[in-house]
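Note that the coordinates shown come from a computational prediction; the quantities given were computed from them, not determined experimentally.
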Amino acid sequence: MAALVARDIPHGSYVNLGIGQPTLVADHLPEGSEVVLHTENGMLNMGPAATPGQVDPDLTNAGKIPVTELPGAAYFHHADSFAMMRGGHLDVCVLGAFQVSAVGDLANWHTGKPHAIPAVGGAMDLAIGAKKVFVMMTLFAKDGAPKLVRECSYPLTGLGCVDRVYTDLATFRVGPEGTTVLETFGVTYDELAARLDLDLASASGVGQVPPGRPS
């Protein structure tokens, strides 16, 4: 999923990677992409995750994972970082999610369950501030329930903010016009349609496993 997201980030974009799976995108950005990574704890032009021998305790992303810096990296106050997020200065943010609706509503900070620990972080700021929002998540929860739904049942992070959803079984475009299957991985369009309670549209060629991908 991280490689797919990295492939679809436009050249030269300013990008924030959310905590969890999205941080892996940094390791898949192609050389020469000129993508500038922003992390909400105050760093610009962040590099891939640090390997043993590269770890600097002062260089971490928002998930406390040690990272590297690229030439020209800059550091700034947490408040300035959030001003960048809220001010529309990020081209893309990549977030995890509990649920995404067919029209792009996002729920990723609370399951609504009693005693569950909420984790707002900067997700709300990113969801409304970034020009495009990509979500990375498994398509189905551990109990088999779909996480791409007609309407979110969990507390919302943002309304109509998600543009694309990258999952282990398919990639989707979501928005006011509904849900379109862009690619599938190891499943067919018909199999997806049978498991998702959604009105799905299909892009040209959907159902074909791209070359080099496992079937």
From [atom1] ([X]) to [atom2] ([Y]), nearest 0.5 Å:
X      : Y      : atom1 : atom2 : answer
Arg7   : Tyr166 : CZ    : OH    : 6.5 Å
Ser13  : Glu34  : OG    : CD    : 11.0 Å
Leu169 : Thr188 : CG    : OG1   : 11.0 Å
Leu156 : Glu151 : CG    : CD    : 8.5 Å
Met137 : Met1   : CE    : CE    : 9.5 Å
Met124 : Asn108 : CE    : CG    : 8.0 Å

Can you tell if the side chain of [X] reaches within under 4.5 Å of the side chain of [Y], non-hydrogen atoms only?
X      : Y      : value
His89  : Tyr14  : no
Ser153 : Gln99  : yes
Glu40  : Phe82  : yes
Phe172 : Leu196 : yes
Leu17  : Asn61  : no
Leu148 : Leu139 : yes

For [X] and [Y], work out which heavy atoms get closest and say how close.
X      : Y      : answer
Ala97  : Lys147 : O-CE, 3.6 Å
Val92  : Pro10  : CG2-CD, 4.3 Å
Leu95  : Pro22  : C-CG, 3.7 Å
Val135 : Gly96  : CG1-C, 4.5 Å
Ala26  : Leu37  : CB-CD1, 3.6 Å
Val162 : Val174 : O-CG2, 3.4 Å

same_hphob_cluster([X], [Y]) at 4.5 Å side-chain heavy-atom cutoff:
X      : Y      : value
Leu200 : Val187 : yes
Val149 : Leu106 : no
Phe134 : Leu4   : yes
Leu198 : Val100 : yes
Phe98  : Val94  : no

Q. Among Val103, Thr179, Asp199, whose side chain to side chain contact (heavy atoms under 4.5 Å, CB included) with Arg150 holds?
A. Asp199

Short side-chain to backbone donor-acceptor contact, [X] and [Y], under 3.5 Å:
X      : Y      : value
Asn45  : Pro71  : yes
Thr171 : Leu182 : no
Thr68  : Pro48  : yes
His78  : Gly42  : no

Q: Give the intermediate values and the outcome of side-chain contact (heavy atoms from CB on, under 4.5 Å) for residues Met84 and Asn16.
A: CA-CA 10 Å; Met84 294 177 189; Asn16 181 285; over 6 Å; no

Q: Can you label the angle between the Phe76 ring and the His38 ring as parallel, tilted or perpendicular, going by 30° and 60°?
A: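 Parallel, since the angle between the ring planes stays under 30°.
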
(Q) Could you tell me if Asn41 and Thr39 have a donor-acceptor pair between their side chains, going purely by distance under 3.5 Å? (A)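 Side-chain D/A pair, Thr39 to Asn41: present.
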
Q: For Phe140, enumerate each residue passing the ring-ring contact (aromatic ring centres under 6.0 Å, His included) test, keeping only those at least two apart in sequence or located in another chain.
A: none

Q.
Counting neighbours of NE2 on His11 that are heavy atoms of other residues, nucleotides or ligands and sit closer than 6.0 Å, is the number greater than 12?
A. yes

